[in-house]
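When a ligand or atom number is given, it counts from 1 through the structure's own listing order.
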Amino acid sequence: MKVVVLTGAGISAESGLSTFRDSGGLWEGHDPMQVATPEAYADDPGLVQRFYDARRAALDTVEPNAAHHALARLEEALGDDLLVVTQNVDDLHERAGSRRVHHIHGRLRSAWCRACGVRHEWDGPLADTPPCPACGARALRPDIVWFGEIPYGMDLVEQALWECDLFVSIGTSGLVYPAAAFVHWARGATLELNLEPSAGATDFAESRQGPASELVPAWVDQVVGLLR
Ligand code: BV8
């Protein structure tokens with residue numbers, strides 16, 4: 001059984017990472033169009049770098065939760081038949097043990113040199129404009145897909161959705177494209193696991209409401225049970 005799982009900020013909420021739109025979420029603090037756009041970076045690179053430096057540093061203060069661990073367990077059962085496509089820029093899927101994870105909107109723990117194009121695993125700040133380890137230029141930006149930019153690996157995602165038997169969306173509001181359209185690209189059955197019905201809930205064959213830390217382990221037990 002080929003399964004594609006899409007995750008959003010909701011899967012990391014119970015780990016202590018605030019979601020975008022929920023009350024008190026990230027966006028209230030920072031107007032998304034102010035910080036998550038190439039225009040904002042051109043206008044005030046310091047503001048944008050500090051925004052991502054703070055989120056990168058926060059990764060050391062949180063841990064994967066039961067939902068992340070359940071998906072890692074599912075990968076043990078399904079192997080290459082599972083692909084996790086995440087909108088999240090955190091590293092909690094990988095820290096829970098998932099290997100087959102594709103970040104369509106980039107990763108906080110990666111820096112991208114605008115001079116030589118090389119990407120580097122990165123843990124520290126970028127606001128102090130450190131030199132690129134490859135070319136020495138001080139042109140490192142967060143390796144993040146901003147609004148108006150093209151998401152990473154869309155061919156891979158489209159292919160996986162076309163071949164899947166089951167598409168499951170976890171912890172996403174369904175407001176940001178192209179991720180919000182994946183349910184329409186999925187050829188297989190569709191299931192939504194979310195705290196509340198998302199903007200696209202009616203596009204799914206089934207939509208279950210509740211916290212990811214409860215819904216995801218229960219769903220994984222169901223799938224693993226089917227495989228026996
Ligand atoms: C592009 C990185 C062309 C930055 C991000 C069509 C129509 C309208 C607009 C557009 C359109 N096509 C393109 C656009 C423009 C734009 C867009 O969608 N705008 C929106 C705002 C209207 N899209 C783009 O610009 C994209 N680029 O389209 O390029 C293209 C397209 C296709 C192919 C080739 C070229 C680029 C978008 C990427 C921007 N970067 N992130 C950063 O992180 O700082 S987007 C960012 O916001 C996240 O990555 C994520 O994608 C999104 C936030 O959404 P969610 O993750 O869903 O989080 P949210 O807070 O909204 O919801 C949380 C949900 O979880 C809620 O439903 C809640 O109920 C639930 N929840 C909460 N707690 C729990 C829970 N669920 C379970 N358990 C819990 N405990």
Please compare Ala179, Gly171, Ala199, Pro178 and report which has the shortest non-hydrogen distance to atom 32 (C) of ligand 1.
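Closest candidate by heavy-atom distance is Pro178.
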
Min over His105, Glu214, Gln87, Arg55 of heavy-atom distance to atom 43 (O) of ligand 1 lands on Arg55

Are any of the N or O atoms of [X] closer than 3.5 Å to those of ligand 1?
| X | answer |
| --- | --- |
| Asn88 | no |
| Ala212 | yes |
| Trp146 | no |
| Phe147 | no |
| Phe51 | no |
| Met154 | no |
| Ile150 | no |

Number the atoms of ligand 1 from 1 as they appear, then name those within less than 4.0 Å of a heavy atom of [X], with their elements.
| X | result |
| --- | --- |
| Glu149 | 1 (C), 26 (C), 27 (N), 29 (O), 36 (C) |
| Ile144 | 2 (C), 4 (C) |
| Leu175 | 20 (C), 22 (C) |
| Tyr52 | 4 (C), 42 (C), 44 (O) |
| Thr172 | 55 (P), 57 (O), 64 (C), 65 (O), 67 (O) |
| Pro211 | 78 (N) |
| Gly148 | 24 (C), 25 (O) |
| Glu14 | 78 (N), 79 (C), 80 (N) |

Has the side chain of [X] got a donor or acceptor atom that lies under 3.5 Å from a matching backbone atom of [Y]?
| X | Y | value |
| --- | --- | --- |
| Arg95 | Pro64 | no |
| Gln49 | Tyr41 | no |
| Ser98 | Val101 | no |
| Gln87 | Thr172 | no |

Consider ligand 1: state whether an atom of it lies below 4.0 angstrom from any non-hydrogen atom of Ser198. no

Contact with ligand 1 for Gly210, non-hydrogen, under 4.0 angstrom =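 Right, Gly210 reaches ligand 1.
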
Among the clusters formed by ILVMFWY side chains lying less than 4.5 Å apart, do Val85 and Met154 turn up in the same one?
yes

So the salt bridge (Lys or Arg N to Asp or Glu O under 4.0 Å) pairs with at least one residue in residues 41-53 (sequence neighbours excluded) are Asp53-Arg56

Residue pairs passing the salt bridge (Lys or Arg N to Asp or Glu O under 4.0 Å) test with at least one member in residues 210-228, sequence neighbours excluded, are Arg73-Asp221

Could you check whether Arg107 makes a cation-pi contact with Trp122, meaning its NZ or CZ is under 6.0 Å from the centre of the six-membered ring and within 45° of the ring axis? no

Are Phe167 and Val3 close enough that some pair of their side-chain heavy atoms sits under 4.5 Å apart?
no

**Message:** Could you tell me if Thr86 and Thr7 have a donor-acceptor pair between their side chains, going purely by distance under 3.5 Å?
**Reply:** yes

(message) For Glu76, is there an ion pair with Arg100 - N to carboxylate O distance below 4.0 angstrom?
(response)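 Not counted as a salt bridge, because no side-chain N and carboxylate O are separated by less than 4.0 Å.
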
Worksheet item: Is the shortest side-chain N to carboxylate O distance from Asp91 to Arg109 below 4.0 Å?
Response: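 Salt bridge flag = yes for Arg109 with Asp91.
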
